[in-house]
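Can you keep this structure in mind? I'll have questions shortly.
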Amino acid sequence: MYELWVGLELLSVLLLFILGWIAGSKAAGLLYAGTAERLRRKTRSLLIWAGVVAVCAAGALTSIWRFYDSFGLYFWQDKVMLHAPLLAVPVLAVLLAAVPKLFVLFRAAKGGSGPMDAGLRERASNPLLVVPFRTVPLAAAAVLYLALVPEVPLRPLEAALPPLVVLLAASALWLLHGSRSRHAAREDAVLPRRWKRALGKLGMLAALGAACALLLYSARQSSLISDRIDMASGPADFGGGAVLAHAGHGAVTAAAAEAAVSVTELTGPRAETPDRTFTLTAEHASVKLASGKTEDAWTYNGQIPGPELRVKQGELVEVTLLNKDIDEGVTIHWHGLDVPNAEDGVAGVTQDAVIPGQKHVYRFRAEQTGTYWYHSHQVSSEAVSKGLFGTLIVEPRTASEDGAETKDITVITHVWDGIGFAVGDSDVTKRVAVAPGTSVRLRLINTDDWVLQRYTLIGAPFKVAAIDGTDLNEPGELRDTALELTTGGRYDVVFTMPDRPVYLAVGGGRLPGLFMSPDGGGELPAVPAKLPVFDPLHYGKPAPTPFDASSPFDREFTMVLDNRLGFYNGTFGQQYTINGAVFPDTPMFMVKEGDLVKTTFVNRGMVEHPMHLHGHHLLVLSRNGEAASGSPWWTDTLSVKPGETYEAAFLADNSGLWMDHCHNLSHAAMGMSMHLMYEGVDTPFTVGRESVNHPE
Ligand code: C2O
Ligand code: CU
């Protein structure tokens, strides 16, 4: 519904621009009608055009009213305060000033058959008639600009500029048409020839074109990312809490810089002997999928996905990353595992990218149980799509109490370039034999870019046991319910194997899935098309949480997600913005250890954004004003859909400098990325064009 209203407004304004332009030139052309009779016809047609313009404006204003009526402030503040007056004022001027003048003109031109006399010429060129029509397309263009390049939350100066330009242009038109009308009213007036008028128009257009080109060029130049950017600098946002000293440039004191802790000091246990050691070698490899098709992939250890790392809760894990031949560099980020900052694996933030021939050692204690994944966080949008990822499973310290064997199946889904979709390395539906009575755990992990993946379990009732690695409290039994998993997110699904087949269909059955039956054989069942989608907001039973919606928050941040047209680092395209900006102009949320932090996510844009904060788990408090009422819903990758508002909270208990970005990695690469910064933390690493580090 939200997208519909956004679309209606855009379409109406676009039409208003085009049709208003036509109406405007018709209004300006009345003076040149020649004979009274032609003037009369033209006047009548312009009356119809006035109606057309009014209808377009009404369409836009209706959708603006809908926003005001059914959505929160961030969804309508720009529309109500800027778009509506910009559209309404010139269209009202057309209806209240120009249209009465048209009627008078229509009557005055009646009966006359000869050329237009001075009286008619004056009436036909009256600025009160012409200028409102000519202002409509200008105002529509300004609204189009404001809608395609929105700056919300509103920044008064930037917001005032387009209306100001329209006002200036309308005044200029007023002067122009005023003098033209005075001239035309003279008995002996000689009107300019057609070719002269055409030339004048052409000149106008050329000037406009040149101005646009100049603006575009300067926008492109100013979008270029600087050579080196210190992630500890950035527009600090204190979330309404106390102002904190931080080590970045800008609000720095020498003392703060002195006292700063470097992210490199925030390591996992370095001295103890690890319980588990792994070596992951990043290398190019040509890998065969189940169908026999091969993929030229970027791999960890020559396989796609990378090896599954399975550890037990509490174990000290050591992973050595070697880069054999990935020239772009690699890292490993432990997605969803809240490791110490130095182990977080983000190039330019917590380490330098590992270039060929180099290595990096990660050490962390696996404190959380559940389903996680790891991936490179250097050119991540490219690296993850090409294969630099794998699963990370943390099993509970003790096996399940009833001692029953669980069939644990990881379902990591990915679209491979040129090959298409696969579950793990299987690009055909995988068949698994599962004995009836077995309890099965499917660990669903969506690793794609910008795919809200759909999974449908057919043949057995099931429960969603965990979201993003965290167990749910008393999840209820589900059937005839589809699961939709955002990019980077995980669902653990559990069920008891019946004596009939169970089919995990992916993408509504269009994609290869997972088929389980006592002997692995049998027919794939049909996939019901229309199923309700699982919603965690009221699922399961409440349980105590360390804080909740009524807790006193030390800081409250707002992330307004949106899209806009513009340049990013010199490339023109659709950008995905946070609070109206792209990196490095996105805010840096400042916290200090122990702060209780609330974040409100508002998606004003047209596409879904899976928002991923490193190093912390968020507790979802509400969606669109509706309180979460089921099991505590902890997440590290929160899917925020167009028109949605989420409130979520976390405890700042993991000091460091943490990425906070959209996990549609192509969005992040276009600047939908920011970070969470703890007081007194600094980083020696940099990103930017001259740096080796390109985290996204
Ligand atoms: Cu899975 Cu910052 O990423
Ligand atoms: Cu996004």
Side-chain angles (χ1 to χ4, degrees), residues 231 300 305-306 330-339 341 343-351 353 362 371-385 387-392 412 414 445-452 468-469 485-490 559-564 568 573-583 586 601-618 635-644 646 654 656-676 687 693-696:
M231 280 281 198
Y300 290 116
V330 294
T331 67
I332 309 176
H333 165 60
W334 318 98
H335 183 115
L337 212 60
D338 302 333
V339 298
N341 195 219
E343 316 296 346
D344 198 42
V346 182
V349 181
T350 63
Q351 67 173 96
Y362 299 92
T371 305
Y372 303 93
W373 63 301
Y374 61 86
H375 61 80
S376 180
H377 221 304
Q378 161 76 351
V379 289
S380 64
S381 58
E382 189 178 6
V384 173
S385 105
L388 281 173
F389 66 86
T391 55
L392 170 62
I412 186 163
H414 193 73
I445 309 173
N446 178 8
T447 65
D448 277 315
D449 184 14
W450 206 353
V451 178
L452 201 56
D468 291 351
L485 196 51
T486 194
T487 294
R490 290 90 62 213
M559 280 170 107
V560 179
L561 316 175
D562 208 340
N563 34 248
R564 75 167 183 207
Y568 186 61
Q574 182 78 258
Q575 291 167 2
Y576 302 96
T577 56
I578 302 173
N579 294 355
V582 285
F583 180 81
T586 44
F601 299 87
V602 181
N603 187 350
R604 291 176 28 101
M606 293 292 272
V607 298
E608 178 253 2
H609 300 290
M611 298 310 294
H612 173 51
L613 170 63
H614 287 207
H616 303 75
H617 272 69
L618 278 80
T635 175
D636 54 56
T637 315
L638 179 65
S639 166
V640 188
K641 301 202 182 73
E644 283 186 340
Y646 272 94
N654 197 2
L657 176 50
W658 301 98
M659 294 295 280
D660 192 353
H661 61 94
C662 175
H663 219 282
N664 287 331
L665 294 173
S666 55
H667 295 188
M670 286 290 282
M672 197 176 210
S673 166
M674 50 169 285
H675 45 277
L676 173 73
V687 301
N693 300 315
H694 306 286
E696 310 293 5

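Residue numbers run from 1 in the order of the sequence given. Both ligands and their constituent atoms are indexed starting at 1 by order of listing. Remember, predicted model here, so these are calculated numbers, not experimental data.
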>> Treating N341 as the side-chain partner and L657 as the backbone partner, does any N or O pair qualify as donor plus acceptor under 3.5 Å?
In response: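 Yes; judged by distance alone, with no hydrogens or angles, the pair exists.
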> Between N563 (side chain) and M606 (backbone), is there a donor-acceptor pair under 3.5 Å?
Replying inline: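 Yes, the answer is positive, given that a donor and an acceptor are paired below the 3.5 Å cut-off.
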> Between Q378 and H694, is there a donor-acceptor pair closer than 3.5 Å when you use the side chain of the first and the backbone of the second?
Replying inline: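 Yes, the answer is positive, given that a donor and an acceptor are paired below the 3.5 Å cut-off.
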> Does Y300 use its side chain to pair, donor to acceptor, with the backbone of G390 at less than 3.5 Å?
Replying inline: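 Not a single qualifying donor-acceptor pair exists.
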> Does a side-chain heavy-atom distance below 4.5 Å link H614 with V349?
Replying inline: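 In short, these two side chains do not touch, never coming nearer than 4.5 Å.
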> What are the protein N, O or S atoms, given as residue plus atom name, that sit under 2.8 Å from atom 1 (Cu) of ligand 1?
Replying inline: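 Atoms qualifying: H335 ND1, H375 NE2, H663 NE2.
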>> Out of the candidates H377, H661, H667, only one should pair with H612 under the ring-ring contact (aromatic ring centres under 6.0 Å, His included) rule; please name it.
In response: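 Going through the options one by one, the only one that passes is H661.
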> Is a donor on one side and an acceptor on the other found under 3.5 Å between the side chain of N693 and the backbone of A353?
Replying inline: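 Flag set: sc N693 to bb A353 pair under 3.5 Å.
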>> Around the Cu ion (ligand 2), how many protein N, O or S atoms are found at less than 2.8 Å?
In response: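 The number of such protein atoms is 3.
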> Distance only, no hydrogens: is a donor on one side chain within 3.5 Å (strictly under) of an acceptor on the other, for H617 and D338?
Replying inline: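 Note: H617 and D338 side chains meet the donor-acceptor criterion.
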> What N/O/S atom of H661 is the closest to atom 2 (Cu) of ligand 1?
Replying inline: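 Nearest to atom 2 (Cu) of ligand 1 within H661's N, O and S set: NE2.
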> Using the ring of each side chain (for Trp, its six-membered ring), is H375 parallel, tilted or perpendicular to H663, with breaks at 30° and 60°?
Replying inline: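 Geometry flag for H663 against H375: perpendicular rings.
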> Counting only N and O atoms by type, is there a donor-acceptor contact under 3.5 Å from the side chain of Y568 to the main-chain atoms of F583?
Replying inline: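 Side chain of Y568 to backbone of F583: a pair is present.
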